[in-house]
There are 2 protein chains.
Amino acid sequence: MKKNQQGQGRATLRDVADAAGVSIMTVSNVVNGKTARVSDEIRLLVKEKIKDLKYVPHLRGRGLRLAKDFAIGLVMLHPERRFLNDPFNTEVAAGMSNKLAQNGYGLLIFGAQNSKDLENKLPRISQLDALAVYIFGDTAQRDAVYTKLAALGLPMLLIGDEANDSLADASFVRQTNEEGAFQLAELGLSNGARKILFMRPDHFWPAMAQRELGARKAAAGRADVETMICTEINFQAVVSQVKTRLSANPPDFVMGGNDLFGIAATQAALQLGFSIKKDLMITGFNGFAFREYSMPLLTSMRSPAYEIGEAAAAALLKRITKGSFPGGKVLNVEFLPGDTCA
Amino acid sequence: MKKNQQGQGRATLRDVADAAGVSIMTVSNVVNGKTARVSDEIRLLVKEKIKDLKYVPHLRGRGLRLAKDFAIGLVMLHPERRFLNDPFNTEVAAGMSNKLAQNGYGLLIFGAQNSKDLENKLPRISQLDALAVYIFGDTAQRDAVYTKLAALGLPMLLIGDEANDSLADASFVRQTNEEGAFQLAELGLSNGARKILFMRPDHFWPAMAQRELGARKAAAGRADVETMICTEINFQAVVSQVKTRLSANPPDFVMGGNDLFGIAATQAALQLGFSIKKDLMITGFNGFAFREYSMPLLTSMRSPAYEIGEAAAAALLKRITKGSFPGGKVLNVEFLPGDTCA
DNA sequence: CTGAAAGCGCTAACAC
DNA sequence: GTGTTAGCGCTTTCAG
């Protein structure tokens with residue numbers, strides 16, 4: 001029966017309790033659906049007052065008591081400052097955000113360009129309930145970051161990677177990169193490809209490595225595979241790099257590690273007067289919206305990035321509410337026909 | 001001198017206080033830099049213990065006491081479920097996230113497809129310190145959403161819109177859409193354009209309206225302007241809509257309300273055998289990365305979306321820490337030369 | 001079935 | 001300069 005400050009500021013449990021003439025605990029029980037502990041009559045009365053006062057539980061108070069934040073972090077270590085420029089990241093974020101919001105959780109997004117940059121954000125990150133992490137770099141670099149993040153003691157879900165045994169409280173969600181690339185390579189091979197050029201960026205990325213591996217497995221004993229590493233600074237730079245490579249030693253099949261590379265190869269081929277599909281087959285990987293902006297339409301593989309985000313959120317939610325992670329999940333990529341290959 | 005639970009769980013003020021043999025308040029004062037109230041000797045000792053115990057202030061406790069969350073929301077009402085597919089949204093989010101993280105704040109992202117969808121997320125949204133909102137729809141629709149959001153009592157920053165007088169605690173950040181479109185139109189007009197076709201999506205968007213207005217102002221008395229409304233369901237559908245329109249009644253200048261429309265027009269023109277730039281000039285708007293994937297390169301206008309995100313975050317931070325919003329901010333778009341117009 | 005007490009971690013206000 | 005008190009809003013525990 002303290003300062004029942006109706007009207008000013010948000011209503012609290014105490015406001016509702018006073019209005020209903022019951023104790024604060026009874027209101028709490030009603031709010032949390034502990035129906036067995038409250039009589040129907042009182043329950044209805046309390047519910048009415050809750051509506052009247054527009055009472056919404058304060059996450060701060062509840063969080064302090066329960067040691068929870070109702071917020072999950074998505075940490076992306078990506079060489080670009082505009083880390084969200086990559087549609088893969090973006091779709092993962094959208095999928096997570098939507099899924100979490102449905103469950104009353106919020107998604108906090110943290111981009112870092114390198115390990116040191118990440119350091120500064122650790123104090124804020126450490127206050128969350130759990131983390132989804134999407135980290136670029138080679139195995140050693142990624143493991144170093146995972147270890148550092150794991151030290152925060154938060155449940156962690158790895159995106160696009162497999163959970164290492166050294167990570168105690170972790171799981172993962174990834175997609176079938178190797179299988180997808182295998183399938184694309186098979187398509188080219190069955191249409192006569194004998195000299196394959198695989199294009200990938202100059203920074204390491206597990207997905208890229210898996211795609212290259214898939215291509216090489218398919219080609220083993222049937223075709224040569226060479227890898228071209230492109231500095232991804234800007235699109236036009238990639239186009240001229242490919243152009244040079246195509247004129248010097250022309251392959252019959254260019255496999256872009258992602259659609260950007262496939263599109264760059266398409267433009268290079270066009271500029272050099274190659275007959276695409278006949279002289280030179282081209283494929284990409286990912287199948288995000290911008291793929292359609294390039295002509296002829298790039299043959300590609302759709303990455304279920306949005307679904308990966310949803311699955312990541314679901315796994316994290318399960319870990320938080322049920323106490324344990326589900327096993328790692330692998331989502332399938334899907335063939336996207338186009339006009340640049342067979 | 002209670003349970004000094006060193007080792008298990010995160011350290012608290014009490015742990016540090018016990019370790020240093022001082023009171024909890026002294027530690028708090030050190031942590032918060034209230035240096036005038038603590039002797040140098042003690043300050044150093046406490047700082048050492050803080051490092052030893054890896055103490056990080058718990059935002060939950062601090063937040064409860066101070067009625068703060070150290071988190072800001074970005075609410076986007078966008079017809080697409082994958083709301084982050086729009087690079088504009090994405091860059092705004094990245095800019096905000098980076099800027100906020102530098103200041104120890106987190107960014108929570110909420111996408112909603114319509115007003116009802118938003119309703120479900122309100123309870124979670126209401127727990128934040130402030131909101132940036134980016135809402136599509138006509139003036140009435142946007143105002144309705146602003147009003148609903150304003151009822152939460154949170155400081156609000158409007159993105160891509162001007163703050164309405166009816167909004168008590170609000171500011172805005174937008175870009176010079178009208179001026180940019182005026183400039184693009186002028187370019188076409190000075191190169192002989194007399195029949196302009198302006199393409200925009202079937203849902204309303206303030207930025208679009210401003211761009212159309214800019215084009216019409218430039219053309220007034222010098223050229224005809226017609227508007228074509230496209231159902232933006234998918235890219236190929238837009239291409240065929242333009243194709244039909246171009247053959248039926250060919251303009252000499254197509255102004256795309258954004259790059260997607262400009263690129264669609266480019267592909268349509270190519271398929272119809274128009275000579276781009278000579279028979280038909282084309283421009284777009286936004287200048288995000290994917291613009292380069294289309295050939296010939298679209299003449300366009302760069303939108304400073306990332307910078308808008310940074311400015312939005314800065315304004316919100318000022319409001320939260322200093323108590324008042326800065327005035328609205330208008331950022332300039334920037335001409336991007338290309339090969340589709342003059 | 002209902003309520004009173006205790007305390008999550010922190011800081012403003014006020015003693016000493 | 002330093003410490004004590006009170007309490008932000010909530011839920012677990014335990015009496016009634």
Side-chain angles (χ1 to χ4, degrees), chain A residues 1-6 8-46 49-50 53-70 104 123 126-127 129, chain B residues 1-6 8-46 49-50 53-70 104 123 126-127 129:
Chain A
M1 204 82 71
K2 295 188 168 184
K3 48 157 186 179
N4 184 341
Q5 42 166 261
Q6 257 138 285
Q8 50 190 38
R10 274 166 61 189
T12 71
L13 273 188
R14 152 135 277 120
D15 295 329
V16 180
D18 288 353
V22 297
S23 94
I24 199 176
M25 262 322 293
T26 300
V27 181
S28 174
N29 285 329
V30 171
V31 168
N32 293 300
K34 299 213 200 301
T35 171
R37 309 179 55 127
V38 185
S39 70
D40 280 8
E41 189 188 7
I42 297 234
R43 193 168 50 76
L44 258 36
L45 172 66
V46 170
K49 295 300 178 192
I50 286 179
L53 276 71
K54 298 190 173 64
Y55 169 74
V56 177
H58 284 48
L59 254 30
R60 283 192 281 254
R62 195 182 258 178
L64 182 57
R65 182 63 237 240
L66 265 26
K68 274 189 148 207
D69 283 288
F70 304 97
S126 70
Q127 316 269 347
D129 292 330
Chain B
M1 204 83 69
K2 295 187 167 185
K3 48 155 187 181
N4 184 342
Q5 43 167 261
Q6 258 139 285
Q8 51 190 37
R10 274 167 60 190
T12 71
L13 273 188
R14 153 135 275 121
D15 295 329
V16 180
D18 288 354
V22 297
S23 94
I24 200 175
M25 264 320 293
T26 300
V27 182
S28 174
N29 285 329
V30 172
V31 169
N32 293 301
K34 299 213 200 300
T35 171
R37 310 179 56 127
V38 185
S39 69
D40 280 8
E41 188 188 7
I42 297 235
R43 195 169 47 78
L44 259 35
L45 172 66
V46 170
K49 295 298 177 191
I50 286 178
L53 277 73
K54 298 190 172 64
Y55 170 75
V56 176
H58 289 221
L59 254 31
R60 284 191 281 254
R62 195 183 258 177
L64 181 58
R65 180 64 238 239
L66 264 27
K68 274 188 148 207
D69 283 287
F70 305 97
S126 70
Q127 316 269 347
D129 292 331

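In what follows, chains carry the letters A, B, and so on, assigned in the order in which the sequence lines appear, proteins first and then strands, with residues in each chain numbered from 1. For the numbers below, each heavy atom of this structure counts, side chains included, while hydrogens, waters and symmetry mates do not.
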Rounded interatomic separation in angstrom, taking CG from B:N32 and C1' from C:dG9:
13 Å

Nearest-Å distance, CE (B:M25) to P (D:dT2)?
12 Å

Options C:dG9, D:dT11, D:dT2, nucleotide nearest the side-chain atoms of A:R65:
D:dT11

Kindly point out which of D:dC8, C:dA12, C:dG3 is positioned nearest to the side chain of B:L64?
D:dC8

For D:dT2, does either OP1 or OP2 sit under 4.0 Å from a side-chain N or O belonging to B:S39?
yes

DNA chain D nearest-nucleotide lookup for B:G21 and A:P57: closer to the 5′ end is B:G21

Between D:dG9 (P) and A:L59 (CG): distance, integer Å:
14 Å

Looking at A:T12, I'd like to know whether one of its side-chain N or O atoms comes within less than 4.0 Å of OP1 or OP2 on D:dG9.
no

What is the distance, to the nearest angstrom, from the CZ atom on B:R43 to the C1' atom on D:dT2?
15 Å

Could you state the atom-to-atom distance from NE2 of A:H58 to P of C:dC10 in whole Å?
20 Å

Would you mind reading off the distance between B:I24 atom CD1 and D:dT5 atom P, rounded to a whole angstrom?
13 Å

Please determine whether a side-chain nitrogen or oxygen atom of B:R62 lies at a distance below 4.0 Å from atom OP1 or OP2 of C:dT11.
yes

Atom-pair distance (CG on A:L66; C1' on C:dG9), nearest Å:
14 Å

Search all heavy atoms of B:V16 against all heavy atoms of B:K49 and return the closest pair with its distance.
CG1-CB, 4.1 Å

Report the distance from atom CG of A:L13 to atom P of D:dT11, rounded to the nearest whole Å.
6 Å

Given the options A:N29, A:V22, A:V27, A:V38 meets side chain to side chain contact (heavy atoms under 4.5 Å, CB included) only with A:N29

